[in-house]
Asker: 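What follows is a single structure, and I will ask about it in a moment.
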Amino acid sequence: MEKFLRLKVELNGMYFIFILGTAGSGKTTLTKTFQEYLLDNEMDTAIINLDPAVEHLPYTPDFDVREYVDAYEVMETYNLGPNSALIASIDLILTKASEIKSEIDQIEANYVLIDTPGQIELFAYRETGRLIAELIKGNNKALGLFLLDSYLAKEARSFISLLLLSSSIRFRLDLPIVNVLNKIDLLRDDEVDKILRWSENAENLIDELGKIDEYSIDLVHLLIENLSSNLIPISSTDGKGFDELYAEIQRVIAGGEDYL
Ligand code: GDP
Ligand code: MG
């Protein structure tokens, strides 16, 4: 029965899943592990690499932006430092928009995973990033996975900062977001449980923070009470939690606009 329901959702169209998160949060690793998971469950999956500066990919992309723009070449050609070269690379992607679009239009899959540039601000906070996201998904449905690095998230203030980043990206890209607690293999079970309790009830998080001002209290309530999904604990290196992640994605897809 469950298999049948899954198929029914699949055949309804293509879903674009943007993998987002701070540098080193595990976007590229998750892209690989999630593709393996989906293929094991007989779902067609394609991968788009949007990182012009990545040196090594653990998966074979169906579309690789480096064929059009390579940050290292941009650095040499325009005599730029690494940061300027990255910014220029993202902007240069748009100059190739029509070629890129026609290549992406050839992709046929149930799910298209989009691995985004290492530094999230380059993609999410520049107008180009938003335009590229629009270009890629076209009229198809899409959502974002925002990865929180467990090692950072175990500290309450860092956890709140990551949720703020996640909600600003949700606003910026105008996509429903599933928050994912990645790298749980680095934490003890009780540490993971504590973070999950924070995500379920603002008071738990406020208690952890101790003495804080009114603004922070309001902010924590706003963040926790408006999460667009449950926080899903996973490990991209161990493959743990992917059944739950898949189920949450299905819920968001089925919920449509309600989750925006
Ligand atoms: P990206 O910059 O967000 O694409 O991050 P990467 O996928 O390149 O991962 C950054 C580092 O974190 C690499 O050394 C990965 O092996 C490691 N990593 C990613 N996911 C996990 C995980 O679930 N557990 C652990 N222990 N390490 C991880
Ligand atoms: Mg990466």
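For ligands, and for the atoms within them, numbers begin at 1 and follow the listed sequence.
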Asker: Nearest protein heavy-atom contact for atom 8 (O) of ligand 1: which residue, which atom, what distance?
Answerer: Thr28 CB, 4.1 Å

Asker: Would you mind checking which non-hydrogen protein atom is closest to atom 26 (N) of ligand 1, with the distance to 0.1 Å?
Answerer: Asp185 OD2, 2.8 Å

Asker: Set out, in order, the CA-CA distance, both residues' side-chain angles and the distance that settles side chain to side chain contact (heavy atoms under 4.5 Å, CB included) for Thr45 and Asn110, then state yes or no.
Answerer: CA-CA 6 Å; Thr45 314; Asn110 299 135; over 6 Å; no

Asker: Kindly indicate whether the side chain of Ile249, heavy atoms from C-beta on, has any atom under 4.5 Å from the side chain of Phe34.
Answerer: yes

Asker: Of the protein's non-hydrogen atoms, which lies at the shortest distance from atom 16 (O) of ligand 1, and what is that distance?
Answerer: Thr29 OG1, 4.2 Å

Asker: Would a 4.0 Å cut-off, counted as strictly less than, catch a protein heavy atom around atom 14 (O) of ligand 1?
Answerer: no

Asker: Pick out which of Thr60, Thr28, Asp64, Thr31 makes a side chain to side chain donor-acceptor pair (under 3.5 Å) with Asn49.
Answerer: Asp64

Asker: Is any protein N, O or S atom closer than 2.8 Å to the Mg ion (ligand 2), and if so, which?
Answerer: Thr28 OG1

Asker: Tell me, which protein residue and heavy-atom name are nearest atom 12 (O) of ligand 1, and how many Å apart are they?
Answerer: Lys183 NZ, 3.2 Å

Asker: In the protein, what heavy atom is nearest to atom 23 (O) of ligand 1, and what distance, to one decimal place, separates them?
Answerer: Ser236 N, 2.8 Å

Asker: Is the shortest side-chain N to carboxylate O distance from Lys183 to Asp149 below 4.0 Å?
Answerer: yes

Asker: Using the ring centroid of each side chain, check whether Tyr68 and Phe63 are separated by less than 6.0 Å.
Answerer: yes

Asker: Tell me: protein heavy atom nearest atom 2 (O) of ligand 1, and distance?
Answerer: Gly24 N, 3.0 Å

Asker: Yes or no: does Gly21 have any heavy atom under 4.0 Å from an atom of ligand 1?
Answerer: no

Asker: Just heavy atoms, cut-off under 4.0 Å: does Leu186 contact ligand 1 by side chain, backbone, both, or neither?
Answerer: side chain

Asker: Kindly state each residue pair satisfying salt bridge (charged side-chain N to carboxylate O under 4.0 Å, His left out) with at least one member in residues 28-39, sequence neighbours excluded.
Answerer: Lys32-Glu36

Asker: Among all protein heavy atoms, pick out the one at the shortest distance from atom 5 (O) of ligand 1; state its residue, atom name and that distance to 0.1 Å.
Answerer: Gly26 N, 3.1 Å

Asker: Within a strict 4.5 Å, meaning less than it, do heavy atoms of the Glu203 and Ile224 side chains meet?
Answerer: no

Asker: If I compare all heavy atoms of Leu86 with all of Ala53, which pair ends up nearest, and what's the gap?
Answerer: CD2-CB, 3.4 Å

Asker: Measure Thr237 to ligand 1 on non-hydrogen atoms and call it side chain, backbone, both or neither using the 4.0 Å cut-off.
Answerer: both

Asker: Any cation-pi pair here, Lys240 with Phe242, using under 6.0 Å and within 45°?
Answerer: no

Asker: Counting only heavy atoms closer than 4.0 Å, does ligand 1 sit against the backbone of Asp51, its side chain, both, or neither?
Answerer: neither

Asker: One thing to verify: whether Glu67 and Lys96 come together as a salt bridge, which I'm taking to mean a side-chain N less than 4.0 angstrom from a carboxylate O.
Answerer: no

Asker: Should Tyr111 and Tyr37 be marked as a ring pair (Phe, Tyr, Trp, His ring centres under 6.0 Å) after you check the CA-CA gap, both sets of side-chain angles, and the distance that decides it?
Answerer: CA-CA 12 Å; Tyr111 292 99; Tyr37 172 87; 9.9 Å; no

Asker: Could you tell me the residue and atom name of the protein heavy atom closest to atom 1 (P) of ligand 1, and the distance to it rounded to 0.1 Å?
Answerer: Lys27 N, 3.5 Å

Asker: Gln250 vs Tyr246, test: side chain to side chain donor-acceptor pair (under 3.5 Å). Steps then yes/no.
Answerer: CA-CA 6 Å; Gln250 293 302 304; Tyr246 180 78; 3.2 Å; yes

